[in-house]
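Quick note on labels: first sequence line is chain A, next is B, and so on, each numbered from 1. It should be emphasised that the depicted structure is a prediction, and the values quoted were computed from it without experimental measurement.
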There are 2 protein chains.
Amino acid sequence: MRLQGIDHVGIAVLDIDAAVEAYTRLIGAPPVHRQVVDADGVEAVMFDAGSSRVELLGSLRADSAIARFLTLRGNALHHVAYAVDDVQVSLDEYASMGLRLLDTCPRLGAAGSLVAFLHPSAGQGVLTELCQPLATKEG
Amino acid sequence: MRLQGIDHVGIAVLDIDAAVEAYTRLIGAPPVHRQVVDADGVEAVMFDAGSSRVELLGSLRADSAIARFLTLRGNALHHVAYAVDDVQVSLDEYASMGLRLLDTCPRLGAAGSLVAFLHPSAGQGVLTELCQPLATKEG
């Protein structure tokens, strides 16, 4: 499946500003990206943590998927995202194995990546994302 | 804090054998390590996923911490572990910043690493582990 490593974990938080402050201390540096995704009712804040990243997810609307997750669980790990060379190739491989997908094609995610989600059943109840960075860190 | 990346995520599962089968498909390879930790009442199964790892955690006793977590949440992401150069140095830095620790000294973890846990309050309710690999992958 050519998983290259864990690109990031997504953490749902009730208070995004308090969480940004806490993770700035935990990681030792401020966030590198902050983005409102109106369509999903979500604010996403990304930290670099060495070769991986940490994404904080706050809800902007009571009917968002993150709001429902937070109501059930409070602050908690929400998903794990694996880096892959080619999201579409990986999706096709998983589909051919009979795994359920939430996305059949990659879409543009936060901070310049192509992303797609597998159905939680593929990860034993854990929401799993595939992530293909578009920007290269060079120079 | 010198976080090098996400070493692994820990996933608590009700049925370790079903989860091993599912993650062998998801990751594309069988586990690299399987270990019973009697003191914790836990069976830990580790997969390599590129530069990171995935650890499945099954409970062996109704009074284990994993059993209590599973009763509350069912199968779910349990903790995130960051790779660091020196667990003790990182613990001392976090303590000096006023973050709460569960371990004040590193201890031997699964699959040959020194590990220590921060109190969930340090990660906004998310259990956070520090992990210092002892074995080098060379040759």
Just wondering, do B:C105 and B:Q88 contact through their side chains at under 4.5 Å, heavy atoms?
yes
Under a 4.5 Å cutoff for heavy-atom pairs, which residue among B:A83, B:S52, B:A76 has the most contacts with chain A?
B:S52
Top residue by heavy-atom pair count (under 4.5 Å) with chain A, among B:V9, B:L77, B:V126?
B:L77
Heavy-atom pairs under 4.5 Å with chain B are the metric here; pick the option from A:G125, A:A122, A:G74, A:A49 that has the most.
A:A49
Contact summary for B:R25 and A:M97, nearest pair of heavy atoms:
NH2-O, 3.2 Å
At a 4.5 Å cut-off on heavy atoms, which part of A:S121 comes close to chain B: side chain, backbone, both, or neither?
neither
Quick one: does any side-chain atom of A:Q132 pair with a main-chain N or O of A:L114 as donor and acceptor, under 3.5 Å?
no
Step by step, would you call A:V80 with B:V80 a side-chain contact (heavy atoms from CB on, under 4.5 Å)?
CA-CA 10 Å; A:V80 55; B:V80 55; over 6 Å; no
Would you find a donor on one side and an acceptor on the other, under 3.5 Å apart, between the side chain of A:S59 and the backbone of A:L14?
no
Write down the atom of A:G123, the atom of A:T128, and the distance for their closest heavy-atom approach.
CA-OG1, 4.2 Å
Let me know if B:I6 has heavy atoms under 4.5 Å from chain A in its side chain, its backbone, both or neither.
both
Heavy-atom distances under 4.5 Å only: say whether B:A29 touches chain A with side chain, backbone, both or neither.
neither
Contact class of A:L118 relative to chain B, heavy atoms under 4.5 angstrom
side chain
